[in-house]
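Labels below follow one simple rule: chain letters A, B, ... track the order of the sequence lines, proteins then strands, and each chain is numbered from 1. Since the structure is predicted, the reported quantities are computational estimates derived from the model, not experimental observations.
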Protein chains: 2
Amino acid sequence: MKDVASAAGVALKTVSRVVNGEPGVHPATAERVRAAIHRLGYSRNESARMLRRGRTATIGLVIEDVADPFYSGLSRAVEEVVIDHGCLLLSGSSGEQPGRERELVETFCARRVDGLIVVPAGEDHTYLRSELEAGTPVVFADRPPGAGLDVDTVLADNVSGAGQAVRHLLGHGHSRIAFLGDDPAIFTAAQRLQGYRAALGGLYDERLVSMRPPSLEAVRADLAGMLALDEPPTAVFAGNGRYTVTVLRALAGRRLALVGFDDFELADLLQPGVTVVAQDPSWMGRVAAELLFRRLRGDVGPSEHIELPVRLIPRGSGEIAAHP
Amino acid sequence: MKDVASAAGVALKTVSRVVNGEPGVHPATAERVRAAIHRLGYSRNESARMLRRGRTATIGLVIEDVADPFYSGLSRAVEEVVIDHGCLLLSGSSGEQPGRERELVETFCARRVDGLIVVPAGEDHTYLRSELEAGTPVVFADRPPGAGLDVDTVLADNVSGAGQAVRHLLGHGHSRIAFLGDDPAIFTAAQRLQGYRAALGGLYDERLVSMRPPSLEAVRADLAGMLALDEPPTAVFAGNGRYTVTVLRALAGRRLALVGFDDFELADLLQPGVTVVAQDPSWMGRVAAELLFRRLRGDVGPSEHIELPVRLIPRGSGEIAAHP
DNA sequence: GAGGGGTCCGACAACGTTGTCAACCGGTTA
DNA sequence: TAACCGGTTGACAACGTTGTCGGACCCCTC
C-alpha cells in the first residue's frame, strides 16, 4: 500500500480510501490510484485490516465430518449464507472427538471469528463461556450444548421424528420393532431412542435395542442376535443415515421392514425404496447461519431454541407388512 | 497480552516468550505468566501474529461443491493433512463458476494463505500469475490450469479410466455404447470422452454421445432419442458420479448395461450393483496437500504432474450382456 | 476583501504481536 | 579488582492497515 501510494504520488490514507470505496476522493486521483494498484498487483492485507478494525468478517463452523453428506449439506448452506453477508467461512471436522471440537473452537477464537456455529461432539462447553462473555455469538446446530450454557440452538425434531417412524411401522402391523442406532451419548441418538420408546409404549423390549458406533460387523451380529430371539423383530428403525446404510448391508436382502432416520441419495432407487424420516440439512444450516447473523446485527433477545420439523417419506421398505 | 503482562508483573515480551514456548524464561516467571493468562482468559490474537510474522499457517482450498461427495471426500483428506502440519484450512465452493473461483482465490490471497489447492472451474488462470511470482505455491487438483501456467497438478487418469469402461462393455458383446457426460468444457468430461472415443475406434457414433449439465429431464430425453435410433445403444457409459445416478433414474428399470465413472455409496446395493470406474478422492486430496507442503518446505524442483490410477469395479450392471 | 462552507487530501497514532538488541544479575575467571 | 559469561528480562521498532483530526484549497456570499 505504501508502494502504491508513492507510485500514485499520494498519501497512504488516500490509497486506503480508494481501496475501501470511501467518499471524498477526486475521481482523477482515484483513477490514478487504481492504475497503480493494478500495475503493482497490490491486494490489501486482510490480517492488518482485521487487526486494525477488530472485525474479521469470518465465521467459524465446527461439524462432525465434512465427508458425511448430512454435514456437507449443512456446511454448504452455511457457506452460502456467510458469503451473502460478505464473510468467509472457516470450518473444521471434529470427528466426534470432544478434544478436537475444543481445539477447533479455540483456534477459531484465536483468529477472532465474528461468530461460531458448532455441532458439538462433547458435553462440556464451559470453555466457551469466556468467549460468550466477550460477546462472540455462538449457535449450536443439530445438538444442544452441555448443561449450563444458554445459547441459540437449532435442532431437528428427533423425538417426534422417531415417533412417526415407529407409528408408521406399528400401522403396518409390526409389534416387534428393533432400534439400531448410535451411541446414546450422542444427543440425537438418545433423542431418537426416546421417541422410539415413547411411541412403542408397552411394546418396548430392550433386547431389540442396540446402540453403538455403526460397524458392519457389529450391526450384523446384533441383528443376528435379535433375529434368533423367540419373538424376533419384523421391522427395524435405523437411527441415522449411516446406520440405515449399514443395516441395509447387514440385512443382505432379508425382507424386514425398515425405516431410517435421515434421507439419502438413491434411497428411492433401492429395491424396495427405503422409507425414511427426512431432515433437511441445508435448512438447518441456513437457519443456524441466519440466526447467527441476526445476533451479529445486534439482536440481543433471549436465546432461541428452534426445532425443525422432519417428515416421513414412504418408499416401500417401511410399508412391508408384518407376517401374522 | 498487555493486561497479562501487567497482571503478572512482567514485560510484554516475556509473556510473548511464554506463549510461544521460547526458551530463556525462568520457570517461576513462566508459571506466574501462565497463571495470569488463565485468570484473564487470554488468547493470542492471530491476526496480529500473522501480520507481524508474515506467515498465516493457513491453506486455501477451492473446490466445486462441498456437498458433492467427491469433493467433500477430497476436502476432508486435505483438512487432515493440513491439520497435521499445524495449519488451518480455508475452503470454498466455486459452484462451477469461474468468477466465483477467482473471487475465492483472491479472497484467500488477500488473507495471505501460505498455499493454495484449486479445483478450477474456469480456463483462464492468468490472474494467479502475480501470486505465483510472489512465491505462493499452488497445486491444481482434479483438473489442470488453463494454458500457459506451469504448476503442480494432481489428476485422475481419466482417459484410461474411460477406456477401461468401454473395453469392459465391448468385452461383454456391446458395440452400441452411449456416452452421457458433463459439458465438454469441463476438463474431466472432455478427457473421458476422449478415452471413450479412442477405445471405441470405428464403432464411435456421435449420435450416441450427449454432453451437458445433468438434469433428469435432459438425460431422459437424450436417452429416449438414442433408444429410438435404428441401432439403439445396449450399454451406457456415464461420465461422472452425478451422471450415473441421473442415468439410473432415467433408465427407470430398463435393463441396459451401465458403467459409471466415480464410485458412490450404495452402488453395490442397487439391483443390479453398479459397475464403476472408481477414483479415490481422499487419495487425491492427500497427494495434493502433501505436494503443497513439500513446496512450502522449500522444494523448488520443476512442477509435477501426477496422474492417479483408477480402477474398474464390476458389480453387475456392466456385465449385462448385449442382446444379439 | 473578509468570512464561511465545502471538497479533497495528508500526518499521525493505534491495533497486538514478535524480532532485535541491550541491560541486568550472580557467579566465575584472569 | 576487573573482565567476562550465561541466563533472564525489558525497551523499542516494525508489520500494514484504518480512524481521527486538521490543513489546504476553491467557490460563494456579504
Side-chain angles (χ1 to χ4, degrees), chain A residues 1-34 36-37 40-58 86 88 106-114 131 134-136, chain B residues 1-34 36-37 40-58 86 88 106-114 131 134-136:
Chain A
M1 188 146 163
K2 204 164 45 176
D3 301 337
V4 173
S6 59
V10 297
L12 218 55
K13 180 68 218 195
T14 303
V15 180
S16 169
R17 274 193 265 257
V18 173
V19 168
N20 292 299
E22 289 173 29
V25 179
H26 193 88
T29 316
E31 201 35 63
R32 230 168 55 237
V33 171
R34 268 190 291 270
I37 287 176
L40 301 181
Y42 162 83
S43 100
R44 178 169 60 195
N45 183 323
E46 292 292 332
S47 301
R49 178 168 219 247
M50 294 186 240
L51 171 59
R52 178 62 235 238
R53 311 220 327 174
R55 269 203 62 212
T56 57
T58 310
L88 201 61
E106 283 172 350
T107 307
F108 291 167
C109 289
R111 301 217 172 199
R112 300 292 187 266
V113 291
D114 295 335
E131 202 60 32
T136 310
Chain B
M1 188 145 162
K2 205 165 42 180
D3 301 338
V4 174
S6 59
V10 296
L12 217 54
K13 180 66 218 197
T14 302
V15 180
S16 169
R17 274 192 265 258
V18 173
V19 168
N20 293 298
E22 288 173 29
V25 178
H26 194 88
T29 316
E31 202 34 65
R32 230 169 54 237
V33 171
R34 268 191 291 271
I37 286 176
L40 300 180
Y42 163 83
S43 100
R44 179 169 61 196
N45 182 323
E46 293 292 332
S47 301
R49 178 168 219 248
M50 295 186 243
L51 171 60
R52 179 60 234 239
R53 310 220 328 173
R55 270 203 62 213
T56 57
T58 310
L88 202 60
E106 284 172 350
T107 308
F108 290 168
C109 289
R111 301 217 172 198
R112 300 293 186 268
V113 291
D114 295 335
E131 202 59 32
T136 311

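One finds no side-chain N or O of Thr29(B) lying less than 4.0 angstrom from the OP1 or OP2 phosphate oxygen of dT8(D). Phosphate contact (OP1/OP2 of dC15(D), side-chain N/O of Arg112(B), threshold under 4.0 Å): absent. Look at Thr14(B) and you won't find any side-chain N or O under 4.0 angstrom from OP1 or OP2 of dT9(D). Distances shown here put every side-chain N or O of Ser16(A) at or beyond 4.0 Å from the OP1 or OP2 atom of dT17(D). Taking only side-chain nitrogens and oxygens, Asn20(A) comes nearer than 4.0 Å to OP1 or OP2 of dT18(D).
For Arg17(A) against dG10(C), a side-chain N or O and a base N or O form a donor-acceptor pair under 3.5 Å. Side-chain N/O atoms of Lys13(B) and base N/O atoms of dG19(C) include a donor-acceptor pair closer than 3.5 Å.
The minimum heavy-atom distance between Asp114(B) and Ala57(B), with the atom names listed, is OD2-N, 2.7 Å. For the residue pair Val113(B) and Thr56(B), the shortest heavy atom distance occurs at CA-OG1, 3.7 Å.
When rounded to the nearest whole Å, the span between CG of Asp3(B) and C1' of dC15(C) equals 14 Å. One atom, CZ of Arg55(B), and another, C1' of dT18(C), lie 15 Å apart when rounded to the nearest Å. Glu46(A) places its CD atom 14 Å from the P atom of dG16(D), with the value rounded to the nearest Å. Here dT20(C) presents its P atom at 11 Å from CD of Glu22(B), a figure rounded to the nearest Å. We find that CZ of Arg32(A) is positioned 14 Å from P of dC8(C), with the value rounded to whole Å. Rounded to an integer number of Å, the gap from Arg53(B) CZ to dG16(D) P is 15 Å. For the pair Leu12(A) CG and dC15(D) P, the computed distance is 12 Å after rounding to whole Å.
Projected onto DNA chain D by closest heavy-atom contact, Ala11(B) and Leu51(B) fall at different nucleotides, the more 5' of which corresponds to Ala11(B). Comparing Pro27(B) and Arg52(B), the nucleotide of DNA chain D nearest to each residue sits closer to the 5' end for Pro27(B).
If you check every strand for non-hydrogen atoms under 4.0 Å, Ser47(B) touches nothing. Among the protein residues, Val25(B) comes within range of the sugar-phosphate backbone only, with heavy atoms under 4.0 Å from sugar or phosphate atoms but none that close to a base. Residue contacts shown for Val19(A) are absent, as no nucleic acid heavy atom lies under 4.0 Å away.
Looking only at side-chain heavy atoms (C-beta outward), Ser16(B) and Arg44(B) stay at 4.5 Å or farther from each other.
Taking the side chain of Asn45(B) as heavy atoms from C-beta on, and the options dG10(D), dG16(C), dT18(C), the nearest nucleotide is dG16(C).
Tested against Ser47(B) for a side-chain contact (heavy atoms from CB on, under 4.5 Å), the candidates Met50(A), Glu46(A), Arg49(A) yield a single pass: Met50(A).
No side-chain donor from either of Arg112(B) and Thr58(B) sits under 3.5 Å from a side-chain acceptor of the other.
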